[in-house]
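Report on the structure given below.
Chain letters run A, B, ... following the sequence lines, proteins first, then strands; residues in each count from 1.
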Amino acid sequence: MRRRRRLPRTTGPRRRVRRGRDRRQPRGPRPHRAAPRRRHPLRPRLRRQGHAGPDEGGRSLGCLARRDRRRPGAGRRHGHRPPAAGRVRRAPRRRRPGRPRRPPLRTDRPHRQGPDMTEAAGMRTDYCGELRATDVGRQVSVCGWVAKRREHGEHLAFVDLRDHTGVIQCVVHDDTDVRSEYVLRITGTVAPRPEGTVNDKLPTGQIELQDCTVEILSAAEPPPFPLDDRADDVDELVRLRYRYLDLRRERMQKNLRVRAKVNSAIRRSMEAQDFIEVETPMLMPSTPEGAREFLVPSRQRPGDFYALPQSPQLYKQLLMVGGTDRYFQIARCLRDEDLRADRQYEFMQLDAEASFVTQDDVLAFISEAVVAAAEAVTGERPPEIQQITWHEAMDRYGIDKPDLRFGLELVELTAIFSETGFNAFKAPSIKGIKVPGAAADYGRNKLDGLTDRAKASGAKGLVWLKVDEGGTTFTSPVAKFLSEAEVAGLVATFEAEAGDLLLIVADEWANTCEVLGVLRNELGRPPVHEGPYRYVWVVDFPMFVGRDDAGNPKPGHHPFTHPHPDDMDKLESDPMSVRSLAYDLVLNGWELGSGSIRIHEPDLQARIFRLLGISEEEAEKRFGFFLTPFKYGAPPHGGFAFGIDRLTAILAGEENIREVIAFPKPQSGLDPMTGAPTTVDANQLADLGLRTLPKAT
RNA sequence: GGUCCCGUGGUGCAGUUUGGAGUGCACGCCGGCCUGUCAAGCCGGAGGUCGCGGGUUCAAAUCCCGUCGGGACCGCCA
């Protein structure tokens, strides 16, 4: 890192303004110091940079110099710390033998008009939150915002100064007027707190800054909401409107730093695995498959549009054709779909692609990156990520993004009812879940609620049974329809005990699983960020999911996904049973991302298009720029993309990705801070050949 | 596009069920007091068109309709 010089500590204006009584009137000389000249006390008190008056330069030096003369050794003690930010952060606090002492205070520099912004990093010697008892005796300068001030009469006040590392208590004995969120530079001596005044709740609670000289770098209006933990309860719209204030909070600063760690660890991991970072265009042709796109009108071709990328999918495959071998990008993706707790218009993905690899290779690459990111944040390396097939995920958890942190697995019951007389159970697939001990908690209302939920998910109905005392009979509206053998079969299969609640669904296999999967999550799923972290690869996704209006199968992943080699012979005969080489990575029930091995053979691609009902002409029209390259020799390749916002949110302990994005948008997509989106003036529209319709009223 | 929940000084709430004067609490803010506090303490003060519009009523924060804004979820996100 480039070495940056620190500003001589004496160049800033020393502002003396008053707080408390009589702020609007000049006051007489104060008792223990010759009264310095004072600026007019009326606020705003600060002159703008460049308009500094004659009192802004030299006097403070004089004050400090006087002070230094009064305290022999103080000047020498107060030295230049290694100036680069990284060094400051990591600098050992204990001075080791042999380590050179900090260079002496420079008092020989020419006076400056206010802080020199070209040396802003040098305005301080330390971060607020990093001072410790081992720093006692040092004279330091810290910069930050006033988190809190506590006054005790005219001549004692405590100022908690905050930067992104934390707060330090500064003892101010003069009558400087500092208020919430004023930006200060405070120079003082690190001292142990007097006996009985240690604050165990603060990492800096053993010490405080004494003999403080306060420079007001910026005055501030009171913030519209408290910038501490209480802001967690403030309306998110208010936090977003003043996001720049919200970001000062410990939680937000922590989250931004978690995110930076994730990015950094991912980048290091991918590079260590021989991936190279390549940027791909933000302006690309519209490819209307999949998510709705953001369109950008072309000025030079009025009436034509670029689209912003939903993902770099097409480009990264062309990078493979281009011999790049292993590509990655921490890529911004944009989708014009409705927002959610885990969705923004724009979001970041680790996008990766590799040539001459198998599915297992890709899973290993990505696993390594995710594990590295998790380790960078938590300090613990997660265990190897397990795999589960899509079919097993559906069968056991009823969902393709299973949350493995809790039980309530689906129990297979079909065989028990193979000869049932109960019409509702004459179905291809019968499954249930057991909620241990929940019978008493679920009265009629809650059970009706579950039934409604099941029906909303597509179930014909939901059968519930409460296991009676003794554990061998049920209380249930359908109890009378069940044979003794069926009752016994249920008790045995569920390993049911008195007080358990059993929920059963009978339908086609997929429906049965999905409905119970919804109920399972409803009944047992903890908030996503609660530990432990359970990563899982879901593999062998079906090649096709459902059929479109014309009866053609629809691709489960995307139309360039390679079919599973074992199922190639079923592509035409039984397409819906064909598996693909597509895979998802799931963490605590959130889909982190997905990927696949791609089709690199033009013949196979043509075959898939035929199955999807896409004619050659249509394929050429829609994907021509993408398909032609494959005629020139495409390597076998595959890749993956996962959402960095989601991973970061979970690792940061947040349930909402907005909390780990510096400037997110609320659910409406309207930015309360900037007002975007806005109308533009007619000339801009004319330039683009656009005309807007009147807004609906 | 849909379902549900929420809009009351700068912030967080109570008050709405059962209509009766902008009523209350906490924080913040402003002023005063206070030399060891730490989400300091004490005293005083300012600050609100109860999101907006309409309706019912003698009377609406409260009931009704509409609308705007926010959130969670469904649809959607190949």
What's touching nucleotides 7-10 of chain B from the protein side, N or O pairs under 3.5 Å?
{"residue": "B:G10", "atom": "O2'", "partner": "A:Pro224", "partner atom": "O", "Å": "2.5"}

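Side-chain atoms of A:Arg179 and base atoms of B:C29 include no donor and acceptor less than 3.5 Å apart. Side-chain atoms of A:Arg335 and base atoms of B:C76 include no donor and acceptor less than 3.5 Å apart. Residue-to-nucleotide contacts include a donor-acceptor pair under 3.5 Å from the side chain of A:Gln169 to the base of B:U37. Between the side chain of A:Glu151 and the base of B:G32 there is no donor-acceptor pair of N/O atoms closer than 3.5 Å.
Along RNA chain B, the nucleotide closest to A:Ser311 and the one closest to A:Ala456 are compared, and the more 5′ of them pairs with A:Ala456. Comparing A:Leu314 and A:Arg340 against RNA chain B, the residue whose closest nucleotide sits nearer the 5' end is A:Arg340.
Remark: B:C34 base-pairs with no nucleotide in the shown strands. Criterion, Watson-Crick or G-U wobble with two distances under 3.5 Å. The partner of B:G20, taking Watson-Crick or G-U wobble pairs whose two distances both stay under 3.5 Å, is B:C58. In this structure, B:C25 forms a base pair with B:G12, meeting either the Watson-Crick or the G-U wobble geometry with both donor-acceptor distances under 3.5 Å. Pairing of B:U3, defined by two Watson-Crick or G-U wobble distances under 3.5 Å, is identified with B:A72. Pairing of B:U67, defined by two Watson-Crick or G-U wobble distances under 3.5 Å, is identified with B:G51.
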Next item on the list: List the steps and the verdict of side chain to side chain donor-acceptor pair (under 3.5 Å) for A:Arg150 and A:Gln169.
Entry: CA-CA 10 Å; A:Arg150 295 175 294 280; A:Gln169 172 168 287; 2.8 Å; yes
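Distance from the side chain of A:Pro194 is smallest to B:G36 among B:A72, B:G69, B:G36. When each of B:A40, B:C73, B:G31 is scored by its nearest atom to the side-chain atoms of A:Gln667, the top-ranked nucleotide is B:C73. With B:C29, B:G70, B:G36 as the choices, the nucleotide that has an atom nearest any side-chain atom of A:Pro666 turns out to be B:G70. Of the candidates B:G70, B:A39, B:G36, B:G36 carries the atom nearest the A:Phe158 side chain, counting heavy atoms from C-beta on. Nearest nucleotide to the A:Arg149 side chain, out of B:U35, B:C30, B:C73: B:C30. If you check B:C38, B:C76, B:C29 against the side chain of A:Pro222, the one that comes closest is B:C29. For A:Val234, the side-chain atoms get nearest to B:U11 when compared with the rest of B:U11, B:G70, B:C38. Residue A:Leu202 has its side chain nearest to B:C38 when only B:C38, B:U35, B:G70 are considered. For A:Arg658, the side-chain atoms get nearest to B:G71 when compared with the rest of B:G71, B:A39, B:C77. Considering only side-chain atoms of A:Leu156, the nucleotide from B:U35, B:C34, B:A72 that sits closest is B:U35.
Residues A:Ile168 and A:Ile207 have side chains in contact (heavy-atom distance under 4.5 Å, counting atoms from C-beta outward).
For B:C38, the OP1/OP2 oxygens have no side-chain nitrogen or oxygen of A:Lys201 closer than 4.0 Å. For the OP1/OP2 pair of B:G28 and a distance below 4.0 Å, the side-chain nitrogens and oxygens of A:Ser180 include no atom meeting the criterion. The phosphate of B:G36 (OP1 or OP2) has no side-chain N or O of A:Asn199 nearer than 4.0 angstrom. Side-chain N/O atoms of A:Ser668 include one lying less than 4.0 angstrom from OP1 or OP2 on B:G70.
In this structure, A:Arg520 is positioned above the aromatic face of A:Phe406, its NZ or CZ under 6.0 Å from the six-membered ring centre and within 45° of the axis.
A gap of 29 Å separates the C1' atoms of B:U8 and B:G2, to the nearest Å. Comparing the same atom, P, in B:A39 and in B:G48 gives a spacing of 31 Å after rounding to whole Å. B:G7 and B:C50 have their C1' atoms separated by 10 Å, given to the nearest Å. A distance of about 28 Å separates the C1' atoms of B:C27 and B:A72, rounded to the whole Å. B:G71 and B:U35 have their P atoms separated by 48 Å, with the value rounded to a whole Å. To the nearest whole angstrom, the two C1' atoms, one in B:G47 and one in B:G31, are 14 Å apart. Atom name P, nucleotides B:G9 and B:A61: the rounded distance is 14 Å, in whole Å. Comparing B:G32 with B:G53, their P atoms sit 40 Å apart, to the nearest whole Å.
Using a 4.0 Å heavy-atom cutoff across all strands shown, A:Pro555 reaches sugar-phosphate atoms only and no base atom. If you check every strand for non-hydrogen atoms under 4.0 Å, A:Asp338 touches a base. As judged by a 4.0 angstrom heavy-atom cut-off over every strand, A:Gly556 is placed among residues touching the sugar-phosphate backbone only. Among the atoms of the strands shown, none is found under 4.0 Å from any heavy atom of A:Glu181. A:Asp342 comes within 4.0 angstrom of no nucleic acid atom, judged by non-hydrogen atoms across all strands. Nucleic acid contact class of A:Ala341 (heavy atoms, under 4.0 Å, all strands): sugar-phosphate only. Residue A:Arg230 is classed as a base contact, given a heavy-atom separation below 4.0 Å to a base.
Side-chain atoms of A:Ser286 and A:Glu293 form a donor-acceptor pair, as typed in the model, at a separation below 3.5 Å.
A distance below 6.0 Å separates the ring centres of A:Tyr345 and A:Phe294. Ring pair A:Phe560/A:Phe623: centre-to-centre distance below 6.0 Å. Here the two rings, on A:Trp590 and A:Phe642, have centers that are 6.0 Å apart or farther.
Under the 4.0 Å criterion applied to side-chain N and carboxylate O atoms, A:Arg658 and A:Glu236 are assigned as salt-bridge partners.
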